[in-house]
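Chain letters run A, B, ... following the sequence lines, proteins first, then strands; residues in each count from 1.
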2 protein chains.
Amino acid sequence: MKDVASAAGVALKTVSRVVNGEPGVHPGTAERVREAIERLGYSRNESARVLRRGRTSTVGLVIEDLADPFYSVLGRAVEDVTTAHGCLLLSGSSNEDPVRERELIRTFCARRVDGLIVVPAGEDHSFLRPELDAGTPAVFVDRPPGPGVDVDTVLCDNAGGARLATRHLLAHGHRRIAFLGDRPSIHTAARRLHGYRAALGRLFDERLVSMRAPVPRDVRADLDRMLALDSPPTALFTGNGRITMTALRALEGRRMALVGFDDFELADLLRPGVTVVAQDPTSMGGLAAELLFRRLSGDTGPAEHLRLPVRVIRRGSGELPP
Amino acid sequence: MKDVASAAGVALKTVSRVVNGEPGVHPGTAERVREAIERLGYSRNESARVLRRGRTSTVGLVIEDLADPFYSVLGRAVEDVTTAHGCLLLSGSSNEDPVRERELIRTFCARRVDGLIVVPAGEDHSFLRPELDAGTPAVFVDRPPGPGVDVDTVLCDNAGGARLATRHLLAHGHRRIAFLGDRPSIHTAARRLHGYRAALGRLFDERLVSMRAPVPRDVRADLDRMLALDSPPTALFTGNGRITMTALRALEGRRMALVGFDDFELADLLRPGVTVVAQDPTSMGGLAAELLFRRLSGDTGPAEHLRLPVRVIRRGSGELPP
DNA sequence: GCTCACATGGACAACGTTGTCACCCTTCCT
DNA sequence: AGGAAGGGTGACAACGTTGTCCATGTGAGC
């Protein structure tokens, strides 16, 4: 900028004014400055600007895995809103690791992001307190923060969706319905188990429940164990997209009723089509980002807790008889 | 930092030394400083640090669409390498729009990212010249930059893969093989058309070629048109993952040989399984990032041009007879 | 001719860090 | 005792921008 100023024969501040479109610059002078900028290929140093102004126009996004279709769609929705507000997106994958999650958030905060959107991995977010108090807003998506941290959240109706799925299978005559879910420490998995259990009532049988990381081999082993029971399951409720796919592979050929939580690409092309309880990651990401920007524009009301509805999409697998 | 300094009764510089783990600080003093840092909840302001040091430890990633499985997997690979080098990732989706692409790159450069990884949308990247000359390295992935810009690239063997796919269908007895590809302005689509055409030789018939944006309705219309020909195609070669899925939906039930470019989740679970020419987005992203960091650590050798191999994965659809 | 307002331009400090250099105080050697 | 060596510490400038305040020039209104 100094170079531009001397090239155009004006003071530093005048260049700054031109660059920022501030009023009070003679059109002729402004033109000379612009010409010099063009000629020198100058572009404003945002780091210095940030330092001076205090706002980075950057939002930090922490998700579980950028490569997971659910989260990448969610992330894309966040990006769109962020862009619309003239901000950039710093993103990172926590890999379901609380340590990594915390590290990411701390790094983002050290860079003074204007706000955070987090799909939490850990169960304790008290470390966020100083940042929140310092005025950096955060919105939690998909899962709530740990106790004692009261921020905006955007969740889906996990328990309700699981009830829907389970009732759907019950309505089609099933009495032995297995649940394959993710680790119980994951909030969504726990809520879905809860809804499943509530819908089953006295039909609940813990031998038909498996909750673990979606590793194909393990899920398959649990499934085999259940199928070897005296009264094996006649239907499956799978607790998330990845587990649904693993289960589909494990079932390979065997025709069994199945409802999965989370919709996924090609679910309609399989035979039978896969009936799912669908949430809407685009809405979730978009709403979370909107909430964040509302905070950034000064809203200091009490924390909002959005719970998005889910819906059953019938495609065949959930309508198979026992 | 100033507050920490006065709280600990030391000079600014001493705090800086402690924060950066520089040697030459008395253990007792360091302890006092750390205690003050803890008590005040201080965290270093990266913006100021960046301003002073000149390096942002940030990489900018421009891809076509964060929500597309191919690119999100690629992005994840970039993220992993970036993280391993202690850097953060700024990412943005170009939406296949050259204007947006340029805007993103300019914004990233204004923020002084240390380097860029770009899946280009446009055909002219001369606007990058000043940045490149200023020492900001860039690596292009999946598609090469426009003419006159000589930077590292990581591409896959598009023409070779298309030849493989086409020959595969030829070997299974097909003579009428249609090609459904993306817009010819997209480098990968053009190269794949080229390979397809080369493999077909005199069997090439331009009535069996459709190149357009992967909009289901349009692709379906083109497909219907081809099927209504006197000598309709007996096999399909689809030019990318999205088009493959669109075609699969359009074929709905009709049994026709098909080989797709790009592998995708669940391709193995469809009946018949979908034979594909697979590239490896994880390797592509990872290699691109490695290349970038090699540049960042001072390598000034001539631009490297990596071309990754592709492989045919047989799953059934490509082995159907005419 | 005077003041006053306005348009334009510039000097300077500040944002929070880090690199450079100089200082002080031991300790040890001669 | 005097000096050299070196560890520990601090003062200060600089990074590139922007906000504040002041200076100058110009024209209108009294």
Looking for any heavy atom pair under 4.0 Å, which part of the strands does [X] touch: base, sugar-phosphate only, or nothing?
X	answer
A:Arg44	sugar-phosphate
A:Val10	sugar-phosphate
A:Thr14	sugar-phosphate
B:Thr29	sugar-phosphate
A:Val25	sugar-phosphate

To the nearest angstrom, how far is [X] atom [atom1] from [N] atom [atom2]?
X	N	atom1	atom2	answer
A:His26	D:dG25	NE2	P	16 Å
B:Asn45	D:dC15	CG	C1'	13 Å
A:Arg32	C:dT8	CZ	P	13 Å
A:Asp3	D:dC15	CG	P	11 Å
B:Leu12	D:dA13	CG	C1'	13 Å
A:Tyr42	D:dT17	OH	P	4 Å
A:Leu51	D:dG16	CG	C1'	9 Å
B:Met1	C:dC15	CE	P	14 Å

### Query
Starting at the 5' end of DNA chain C and moving along, which residue's nearest nucleotide shows up first, A:Gly24 or B:Ala48?
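The 5'-side residue here is A:Gly24.
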
Salt bridge or not between [X] and [Y]? Use side-chain N to carboxylate O under 4.0 Å.
X	Y	result
B:Glu103	B:Arg106	no
B:Glu31	B:Arg34	yes
B:Glu96	B:Arg242	no
A:Glu35	A:Arg32	no

Between the base of [N] and the side chain of [X], is one N or O donor paired with an acceptor at under 3.5 angstrom?
X	N	value
A:Arg52	D:dT18	yes
B:Lys2	C:dG16	no
B:Arg17	C:dG19	no
B:Arg49	C:dG16	no

### Task
Indicate whether OP1 or OP2 belonging to C:dT18 is found under 4.0 Å from a side-chain N or O atom of B:Ser16.
yes

#### Entry: side-chain contact (heavy atoms from CB on, under 4.5 Å) between B:Phe108 and B:Val118, intermediate numbers included
CA-CA 11 Å; B:Phe108 286 164; B:Val118 182; over 6 Å; no

